[in-house]
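Keep in mind the model is a prediction, meaning the values are calculated, not measured.
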Amino acid sequence: MADFTRNEMMTIAAARALRNEDVCFVGIGAPSAACNLARLTHAPGITLIYESGTIATKPNVLPLSIGDGELCDTALTTVSVPEMFRYWLQGGRITVGFLGGAQIDRFANLNTTVVGDYHKPKVRLPGGGGAPEIATNCGETFIIMAMGKRAFMEKLPFITSMGHGVTGKEREQLVVRSKGPTKLITDLCIFEPDPQTNEMTIVSIHPGATREEIIENCGWSPRFAANVSETPAPTAQELEVLRDIQARTKAAHGA
Amino acid sequence: MADFTRNEMMTIAAARALRNEDVCFVGIGAPSAACNLARLTHAPGITLIYESGTIATKPNVLPLSIGDGELCDTALTTVSVPEMFRYWLQGGRITVGFLGGAQIDRFANLNTTVVGDYHKPKVRLPGGGGAPEIATNCGETFIIMAMGKRAFMEKLPFITSMGHGVTGKEREQLVVRSKGPTKLITDLCIFEPDPQTNEMTIVSIHPGATREEIIENCGWSPRFAANVSETPAPTAQELEVLRDIQARTKAAHGA
Amino acid sequence: MAKFLSLADAVAQMVHDGDTLAMEGFTHLIPFAAGHEIIRQKRRDLTLIRMTPDLIYDQMIGMGCAKKLVFSWGGNPGVGSTHRIRDAVENGWPCALAIEEHSHAAMANAYEAGAANLPFAMLRGYIGVDLPKVNDRIKSITCPYTGEKLATVPAIRPDVGIIHALRADREGNVLLEGITGCQKEVVLASKRTIVTVEEIVDNLGTTSPNSVVLPSWTIGAVVCVPGGAHPSYAHGYYKRDNSFYIAWDKLSRDRDGFLAWMDENVMKKGPDAFAVHAKGSAA
Amino acid sequence: MAKFLSLADAVAQMVHDGDTLAMEGFTHLIPFAAGHEIIRQKRRDLTLIRMTPDLIYDQMIGMGCAKKLVFSWGGNPGVGSTHRIRDAVENGWPCALAIEEHSHAAMANAYEAGAANLPFAMLRGYIGVDLPKVNDRIKSITCPYTGEKLATVPAIRPDVGIIHALRADREGNVLLEGITGCQKEVVLASKRTIVTVEEIVDNLGTTSPNSVVLPSWTIGAVVCVPGGAHPSYAHGYYKRDNSFYIAWDKLSRDRDGFLAWMDENVMKKGPDAFAVHAKGSAA
């Protein structure tokens, strides 16, 4: 087994969740790395869409922003931002929306708006961007986030984008037909919604991580599935491709 | 004075009404001839827009349809039809809409839909196309139509596009801010709305036409302005340019 | 991903009796070859949707494919009437034809709303006119901010959408260029789609990063039919056959003449008959 | 028709204290030079509208130009916080900043509605989230056909819209290419507009009949500012200066450092300072 960081394991586990036939709405950062890793390994036919309007893009280096020139230069076509949100996202063309977040709760609702009171913020976060509508208009969503007590919270101060709602049943009540968060991929494990309650439940633990560690880094008392498997370790090829694109990216962006 | 037909006089009088700075939404047929004649004579800077999406087009031959390739080939750019109707027409970007019609009444309402009952038509006409929204979303509209008792009607069987409404006051009542029909150019004379009543009123008679002829070819008893002028006859240059483009057009379309 | 099919197979698989069907192309890129195939396969009871149901729907309606027409301008552009549509509306020949009539602005917005997965479209339109009196699909809403009243029409979401495009690459991605009309909207608004193209190429040859391209996974079937838009035209391939549009006025004026022409030129022919009109063919 | 003006004149004539101002460019073609000119001319009490108020609004807000920000994502993309915006929101420095917050989808639709002269936009959005609880501009309507509830936002119709484009011809027609964002919509939705461009040319050199071109008569002023989008980029001219975005995190972190940088690089400079970033310049 090759050496790997927990962050690499997270990205690789996320990449594996994507299928060759997916049309994926990609957020910047970890989602972008995971989606491009999938494209460069097991899912060469995957379609990656960035909210800047770039459709079926194949960046050679990871973009720093959602609208780097690289995304347009390697895209099948580039449409306006209103068209992207109207015809492609709201139009129901996206199979998987890939989100990150600052804070998450047990039903995979996300906060990227504010810590503290909205009108008197302790920390003002960037806000929702595309997330509120990605969360309801994509066929399903995958979330990628490193665990930690300040990120995995019992109760969010603000819901920026809906997961399964505050009771786990809101999607049904609000007649949202998309599946919502079907996977939450962290640096320690993978959660999936419980079939009955929609509470995000640990189904797989990454090699080297423990139940105790997961519990310690979670602001609520997390549920484990009846059968928890071990996430297969990264393969040498997965690590090589990921490290290659990250090295190319670092060289390209400078610092 | 050169020889000219009444149809030529009508087209030339219509062309003269256009200004160099106009942005004109052009209908097919007589409007298209008039608009291009204006562009090729006194208004070289006029912007012609066809509902097919072609913006600032400069056709060398008159198109047979609203979407001939010639229009796109000579345009500044071509946008989609939804964009044309949303951003450009409804967006309020058009100064003059140029319409023809099958039937008209004294307030310049137009019928291009049906003769007889709508559900049991005597004659089914093509319908409104762009006209209903051209009539209210352009800064003002010019109408070009040859006179005749079956075309200039006391009461229309169907209002396809609004002129000044059935009482002449509907635009005000319906809070439509555009001016509506400010000129009706016929083969015999030019009408403009009366400043008080908005009834279309004869302000200019073409050379060779008479009041009697106008009255005879009008289904209502038409009003003449206090001062009726004579329309200046076509100049040799106007006739030459018009005949040239019509000859090029005929040669191009075959038959 | 789009399947590459023959025109006969594409129509057989995608177009069923009773479907709502939109075939678009605003003068440019009208899918005539596909229309002829639908006529040959004798589809019935279609609800035909098209802003300008010109010759293509004149032919399909004259051959008895349709029970209803949704449209905004029905004529032979620059020439006159579409006689077969008029005969169906006025005399019920060859069968009765219901109509749902709109303005261009309303239909363009309704396609746009369909592509955007909205249930309806709103517009500043239908003001002071009679169409809302005879079309109960035209309603209105009130702006929650200004109190203004706006007209509404239902979104168009056809069972089947058919367009003709310039070319496809070998993955089935499709390029449109020139007057693109409502074609992108029709493809994105429809449940099933057929795109006929002039040619299939290794590389689409897009010249702008913003070229109008429909990805393969938005399309049901791609069919190569060179010349398939004749007598309309294909930008950069061949010109509009305006003389045919003018000649159609006479060809379609009486029922027998129409039927004879259709028998000779449609029923006894296949998609290959369009190749003579394609770029590079002997005219 | 667009007037050709200097940047100083364009800003002096078009941008007034208290205006609502939209400066767009979705990562690409952000009008930094125009933002700097507004800072130099000390405009105050602006309501700044922008989907992603990244460095350009961080600078303008940090220099005290704005009283309100309308936005949907406020950060330094891929890097972290926009410290000056946070300082204004959290601590009221250098002055209090009200915010009106939306989602990207809502703002994109609101610009679209503005360009289309509609009073509001509707979307399938804001479902199950808290933003409508803190933003009373978000309302809803009911579909007159299906009974579905849809979210609404008011159309954006700014007093002034400013964008950066690739080039203009000598009549003032303007070409955009690549990631075009909401720029067309901003120009069509705004009462007054400034377009800065990389160059003015005899011929736009459009490569597609469907190239994104804004006609001269939709634009108030065209200003030639080569490099004027730096540190964002201009498709085909120069690349995004990602290292500057990364460096900005440090440069803007404390008030004194920020003010010193602005004094040195904005207050004491003019639009010509951007030329060093333009195509063909010595880097």
When rounded to the nearest 0.5 Å, the distance separating CZ of D/Arg240 from OG of A/Ser65 is 3.5 Å
More than 12 foreign heavy atoms under 6.0 Å from NZ of A/Lys179: is that the case here?
no
Taking all atoms of both residues into account, what is the closest heavy-atom pair of D/Val89 and A/Pro121, and its distance?
CG1-CG, 4.0 Å
Using a cut-off of under 4.5 Å for heavy-atom pairs, which of A/Arg86, A/Glu170, A/Glu83 has the most such pairs with chain D?
A/Arg86
Which atoms form the tightest heavy-atom contact between A/Gly128 and D/Glu101, and what is the distance?
N-OE2, 4.2 Å
Would you compute the distance between atom CG of A/Asp73 and atom NZ of D/Lys239 and round it to the nearest 0.5 angstrom?
6.5 Å
Is D/Glu148 atom CD crowded by more than 12 heavy atoms from other residues, nucleotides or ligands, each under 6.0 Å away?
yes
Shortest non-hydrogen separation from A/Met162 to D/Val129 and the atoms involved
N-CG1, 3.7 Å
If I measure from the heavy atoms of chain D, does A/Tyr118 come under 4.5 Å with its side chain, its backbone, both, or neither?
side chain
Residue pair A/Ser52 / D/Thr27, side-chain heavy-atom distance below 4.5 Å:
no
Which residue out of D/Ala121, D/Gly78, D/Gly181 racks up the most heavy-atom pairs below 4.5 Å with chain A?
D/Gly181
Atom group of D/Met51 that falls short of 4.5 Å from chain A, counting heavy atoms:
side chain
Please test D/Asn242 against A/Asp68 for side-chain contact (heavy atoms from CB on, under 4.5 Å), starting from the C-alpha separation and ending with a verdict.
CA-CA 9 Å; D/Asn242 281 331; A/Asp68 279 20; 3.3 Å; yes
Please determine, among A/Arg171, A/His119, A/Gln90, the option with the most heavy-atom pairs under 4.5 Å with chain D.
A/Gln90
Side chain, backbone, both or neither of D/Tyr233 within contact of chain A (heavy atoms, under 4.5 Å)
side chain
Closest non-hydrogen atom pair between D/Ala108 and A/Val81, with its separation
CB-CG1, 4.0 Å
Any side-chain to backbone donor/acceptor pair from A/Glu133 onto D/His104? Under 3.5 Å, distance only.
no
Measure distances from A/Lys120 to the heavy atoms of chain D and classify the residue's part below 4.5 Å as side chain, backbone, both or neither.
neither
I need the D/Thr52 OG1 to A/Glu51 CD distance, nearest 0.5 Å.
9.0 Å
How long is the span from the CD atom in D/Glu177 to the OG1 atom in A/Thr78, to the nearest 0.5 Å?
10.0 Å
Which heavy-atom pair separates D/Ile246 from A/Leu64 by the least distance, and what is that distance?
CG1-CD2, 4.1 Å
Shortest non-hydrogen separation from D/Ile179 to A/Cys72 and the atoms involved:
CG1-CB, 3.9 Å
Max heavy-atom pair count under 4.5 Å with chain A, selected residue of D/Cys182, D/Ala105, D/Ala115:
D/Ala105
Can you measure from OG1 (A/Thr136) to CD1 (D/Ile127) and round to the nearest 0.5 angstrom?
4.5 Å
For chain D, which of A/Thr77, A/Val79, A/Thr112, A/Val123 has the most heavy-atom pairs under 4.5 Å?
A/Val123
Within the supplied structure, the quantity of interest is the number of heavy atoms (other residues, nucleotides, ligands) at a distance under 6.0 Å from A/Lys169 NZ; does it exceed 12?
yes
Taking atom CZ of D/Arg124 and atom CZ of A/Arg177, what is their separation to the nearest 0.5 Å?
7.5 Å
Chain A heavy atoms under 4.5 Å from D/Phe244: which part of the residue, side chain, backbone, both or neither?
neither
D/Ile99, part contacting chain A, at a heavy-atom distance under 4.5 Å
side chain
